[in-house]
2 protein chains.
Amino acid sequence: MSKNISTKDKILKASLQSFLTIGIDQTSLNLIAESIGIKKPSIYYHFKSKEEIITRCVDNLLDDLEHRIDLSLNTHTQPREQIEALYECIIDFHSGLSILVYDNSSQPVNLNSFFQRCMLEHPSIQKRIESYYHTLQVKLISILSSGQKQGAIKNSLNKEIVSIDLISRIEGMINLSALYSNAHINLQRQGLYETVWDSLKAEQQPKKKRILDYKSIDLGRKW
Amino acid sequence: MSKNISTKDKILKASLQSFLTIGIDQTSLNLIAESIGIKKPSIYYHFKSKEEIITRCVDNLLDDLEHRIDLSLNTHTQPREQIEALYECIIDFHSGLSILVYDNSSQPVNLNSFFQRCMLEHPSIQKRIESYYHTLQVKLISILSSGQKQGAIKNSLNKEIVSIDLISRIEGMINLSALYSNAHINLQRQGLYETVWDSLKAEQQPKKKRILDYKSIDLGRKW
DNA sequence: GTCTATACAAGGATAGAC
DNA sequence: GTCTATCCTTGTATAGAC
């Protein structure tokens with residue numbers, strides 16, 4: 001059942017794999033076609049242009065990620081848990097992409113460069129990406145707000161600014177791990193989660209360690 | 001004097017401008033040539049290939065940035081000052097590139113995507129980028145070490161991990177500002193510097209505000 | 001739905017005149 | 001040092017047969 005995927009989906013999968021590894025511009029339709037055992041013109045039966053493939057890849061990617069984040073946030077109620085769950089969700093998503101693309105999780109995947117390139121393609125893609133970050137920011141602001149009401153999070157912080165900071169911290173980690181061999185998400189995230197929470201928590205909170213029991217991953221892996 | 005720049009330098013400048021705005025692959029040698037008023041084959045008198053131009057751009061960029069960081073770090077002795085100076089240096093560098101490329105500083109520039117793309121080009125470029133991050137990490141570890149000796153910085157922290165975190169925080173900020181319109185370096189950095197120092201400082205340190213008197217920048221600017 | 005054949009444009013790169 | 005002319009390759013995309 002799951003083996004019998006449509007040609008259209010095969011094209012999308014192969015495209016995404018190639019886009020994320022060698023980049024959009026180095027990915028020719030010929031390459032995509034060859035990798036799934038068809039000829040180039042067949043692609044045009046399923047998609048009207050390369051741009052349409054790119055658009056569909058971005059949409060699928062972000063729809064999926066947003067959906068997973070929703071599911072994950074709904075299973076937690078405490079602000080610290082929710083923020084860690086959000087981070088884990090984003091990391092897991094990249095880890096999954098890494099496996100999709102390289103068949104193992106030790107090679108890092110960098111979505112930012114892909115998005116950056118996509119934005120040149122068409123204004124609608126730019127809007128979709130902007131909308132993803134906006135959704136993320138809104139979720140974070142809501143977590144921060146309810147955390148403040150519960151007395152778990154500092155009242156003094158600027159939620160607009162802090163929410164952006166929270167996004168940029170996890171993305172910074174992921175990006176750097178794609179550029180610099182000494183940067184490993186898996187080694188960094190424990191410290192990340194602790195310093196993030198230290199900077200958010202209300203002063204009188206008792207210190208707790210490791211709210212989330214996140215999967216332990218062997219250290220050879222980048223994620 | 002400064003107006004009479006060589007054709008070789010003109011090519012490099014125009015190339016960098018185009019690489020950083022529309023990307024390496026969208027930048028044809030024809031485009032570069034036209035933008036400085038020469039014909040495409042003339043480029044080949046100065047460079048043997050497009051790849052050589054890319055390599056020179058990356059080298060010049062990173063040599064310049066590393067040099068500025070050295071100069072800036074030498075004018076400070078306190079760990080907090082040094083870390084903020086390093087951050088300011090990186091931000092100023094991007095701001096300068098933004099002006100070079102767009103003639104104003106409100107458009108963000110993202111070096112990471114450029115580097116990411118460059119790394120596909122040639123292993124030597126990858127090594128140069130890796131070397132930049134390594135240099136940065138070594139500098140940060142040295143700052144952290146001397147801060148610990150002075151008693152200004154927590155002894156408990158893992159310098160390898162924290163130095164990576166410090167790099168990824170500033171890069172995360174810069175990257176996000178290129179992808180998401182609500183993210184503005186200029187609005188974020190004050191909070192960044194404070195939470196960074198809060199997470200590093202030894203417990204008994206007296207609280208000081210704003211060690212560095214960084215230039216105030218009007219808020220319409222992205223940097 | 002997939003193929004062969006082909007149109008058409010654009011890119012990197014070289015030869016050789018001036 | 002810069003040009004015109006040209007080569008060769010590769011890319012996106014379409015027409016039309018099977």
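Within every chain, numbering begins at 1; the chains are lettered A, B, ... in the order of the sequence lines, protein sequences first and strands thereafter.
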Expressed in angstrom and rounded to an integer, what is the separation of [X] atom [atom1] from [N] atom [atom2]?
X       : N      : atom1 : atom2 : result
B/Ile32 : C/dA10 : CD1   : P     : 17 Å
B/Ile38 : D/dT2  : CD1   : P     : 6 Å
A/Tyr45 : D/dA15 : OH    : P     : 16 Å
A/His46 : C/dG1  : NE2   : C1'   : 6 Å
A/Glu34 : C/dT2  : CD    : C1'   : 16 Å
B/Leu31 : C/dA9  : CG    : P     : 19 Å

- Message: Under a 3.5 Å cutoff, is there a donor and acceptor pairing between the side chains of B/Glu194 and B/Gln190?
- Response: yes
- Does the side chain of B/Thr55 pick up a donor-acceptor pair with the side chain of B/Arg128 at under 3.5 Å?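 Result is no, nothing qualifies.
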- Is the side chain of A/Glu171 donor-acceptor paired with the backbone N or O of B/Leu176 at a distance under 3.5 Å, no angle test?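 Not at all, since once roles are kept as given, no pair shorter than 3.5 Å links the two residues.
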- Item | A/Ser113 side chain to B/Gln116 backbone, donor-acceptor under 3.5 Å |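 Answer holds: no.
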- Message: Take a 6.0 Å sphere around NZ of A/Lys13 and say whether it holds more than 12 heavy atoms from other residues, nucleotides or ligands.
- Response: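 Incorrect, the count does not exceed 12.
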- Query: Are the charged groups of A/Asp9 and A/Arg56 less than 4.0 angstrom apart, N to O?
  - Reply: no
- Item | Base versus backbone protein contacts along nucleotides 11-18 of chain C [heavy-atom cut-off under 4.0 Å; B, S, -] | SBBB----
- N or O in side chain of B/Thr7 less than 4.0 angstrom from D/dG1 OP1/OP2: no
